[in-house]
> 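Sharing a structure with you now.
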Amino acid sequence: DGGITQSPKYLFRKEGQNVTLSCEQNLNHDAMYWYRQDPGQGLRLIYYSQIVNDFQKGDIAEGYSVSREKKESFPLTVTSAQKNPTAFYLCAIQDNLIAFFGQGTRLTVV
Amino acid sequence: QKEVEQNSGPLSVPEGAIASLNCTYSDRGSQSFFWYRQYSGKSPELIMFIYSNGDKEDGRFTAQLNKASQYVSLLIRDSQPSDSATYLCAVGYSSASKIIFGSGTRLSIRP
């Protein structure tokens, strides 16, 4: 089954805890992206990677980290330095500037 | 700072009528324009894209682009309750491989 798979669908984080969101794709795309969506706001770019072992900060990278050890995988870690992490997180690939998204992970701080 | 502006709504339209959604953008270097539909709790899905001035039609959807006015719109004809969703306007910049998203317009189709 082809596509972009994000897990988990829902995630709860305690104060001061690091959590990692998974994103896997079997579409053989080089470029992968992480966006954050808050209620009533557009998608904001956190990090992106255009090739294995390379990634760049987006507009709101503070408090987040990523890795790109394999073409298929682009995990996002929300660190304790991110003071307001409750949001909907979307992983995407882009093809000619058209973004295709995974199902999203809703992260809540408890 | 590149910006994409949309009216947040909600926009309420009777079933069967035409829904008109509007978007303005700030950067004249913008090259690609997209409309995404997002149901509550779900991820956005692409419904239309347009690159050139004028109209582009796909079924009940028409995208309109006016680069001189920096304006892009989406028309939905014969609106159905299933069209009730948030519609995100997005603008692409190939030089930066970057997409800027608007905050979305919430559309409600009333029976």
Side-chain angles (χ1 to χ4, degrees), chain A residues 3-11 21-25 27 29-51 54-61 76 86-108, chain B residues 1-11 21-27 29-52 56 58 63 65 72 85-107:
Chain A
I4 306 162
T5 302
Q6 290 187 243
S7 63
K9 188 173 180 179
Y10 300 97
L11 186 57
L21 283 60
S22 171
C23 179
E24 303 277 332
Q25 56 106 354
L27 301 170
H29 268 269
D30 288 313
M32 298 183 72
Y33 298 75
W34 275 105
Y35 291 91
R36 168 179 172 145
Q37 187 177 34
D38 294 280
Q41 295 195 34
L43 279 64
R44 292 183 289 168
L45 183 63
I46 305 172
Y47 266 99
Y48 64 102
S49 169
Q50 294 184 310
I51 198 168
D54 188 45
F55 47 83
Q56 282 77 43
K57 293 182 179 180
D59 301 317
I60 56 165
L76 173 74
T86 294
F88 189 43
Y89 290 86
L90 290 158
C91 178
I93 59 102
Q94 284 179 197
D95 187 356
N96 288 328
L97 286 179
I98 298 174
F100 298 94
F101 295 94
Q103 312 95 311
T105 293
R106 189 165 299 279
L107 173 63
T108 304
Chain B
Q1 179 77 4
K2 300 177 174 63
E3 292 184 349
V4 178
E5 300 287 341
Q6 294 181 256
N7 188 320
S8 61
L11 175 65
L21 304 161
N22 304 314
C23 172
T24 58
Y25 59 95
S26 62
D27 191 335
S30 307
Q31 296 165 306
S32 312
F33 305 87
F34 309 93
W35 283 99
Y36 288 82
R37 178 176 62 201
Q38 186 176 24
Y39 292 114
S40 180
K42 303 295 185 183
S43 58
E45 56 178 332
L46 180 74
I47 54 171
M48 290 288 287
F49 61 89
I50 186 167
Y51 300 136
S52 305
K56 179 181 179 183
D58 184 2
L65 175 60
V72 59
T86 296
Y87 289 80
L88 302 173
C89 173
V91 176
Y93 303 86
S94 60
S95 59
S97 293
K98 197 168 185 180
I99 305 172
I100 307 296
F101 288 86
S103 57
T105 297
R106 191 154 55 92
L107 175 66

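Throughout, protein chains are lettered first and strands after them, A, B, ... in sequence-line order, and every chain is numbered starting at 1.
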> Are the side chains of Phe34(B) and Leu97(A) in touch, meaning some heavy atoms are under 4.5 Å apart?
yes

> Could you measure the distance from the CD atom of Gln94(A) to the NZ atom of Lys98(B)? Nearest 0.5 Å is fine.
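One gets 11.0 Å once the value is rounded to the nearest 0.5 Å.
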
> Can you tell which part of Asp38(A) gets under 4.5 Å to a heavy atom of chain B, answering side chain, backbone, both or neither?
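Interface part for Asp38(A): neither.
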
> Heavy-atom distances under 4.5 Å only: say whether Gln37(A) touches chain B with side chain, backbone, both or neither.
side chain

> Does any non-hydrogen side-chain atom of Arg44(A) lie less than 4.5 Å from one of Ile100(B)?
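A side-chain contact under 4.5 Å is absent here.
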
> What heavy-atom pair brings Ile98(A) and Tyr51(B) nearest, and what distance separates the two atoms?
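Smallest interatomic distance, heavy atoms only, reads CD1-OH, 4.1 Å.
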
> Is it the backbone or the side chain of Gln38(B) that comes under 4.5 Å from a heavy atom of chain A, or both, or neither?
side chain

> Does any backbone or side-chain atom of Ser8(B) lie under 4.5 Å from a heavy atom of chain A? Answer side chain, backbone, both or neither.
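Answer is neither: Ser8(B) stays 4.5 Å or more from chain A.
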
> What residue in Gly40(A), Gly104(A), Ala99(A) has the most heavy-atom pairs under 4.5 Å with chain B?
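Greatest number of close heavy-atom pairs with chain B: Ala99(A).
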
> Would you mind telling me which of Tyr35(A), Phe100(A), Phe101(A) makes a side-chain contact (heavy atoms from CB on, under 4.5 Å) with Pro44(B)?
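With Pro44(B) as partner, Tyr35(A), Phe100(A), Phe101(A) yield a single side-chain contact (heavy atoms from CB on, under 4.5 Å), made by Phe101(A).
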
> Please report the closest heavy-atom contact between Ser43(B) and Gln103(A), naming both atoms and the distance.
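Answer, listing the atom of Ser43(B) first, then Gln103(A): OG-CA, 4.0 Å.
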
> What part of Tyr36(B) gets closer than 4.5 Å to chain A, counting heavy atoms only: side chain, backbone, both or neither?
side chain

> Sort Phe33(B) into side chain, backbone, both or neither according to what part of it lies under 4.5 angstrom from a heavy atom of chain A.
neither

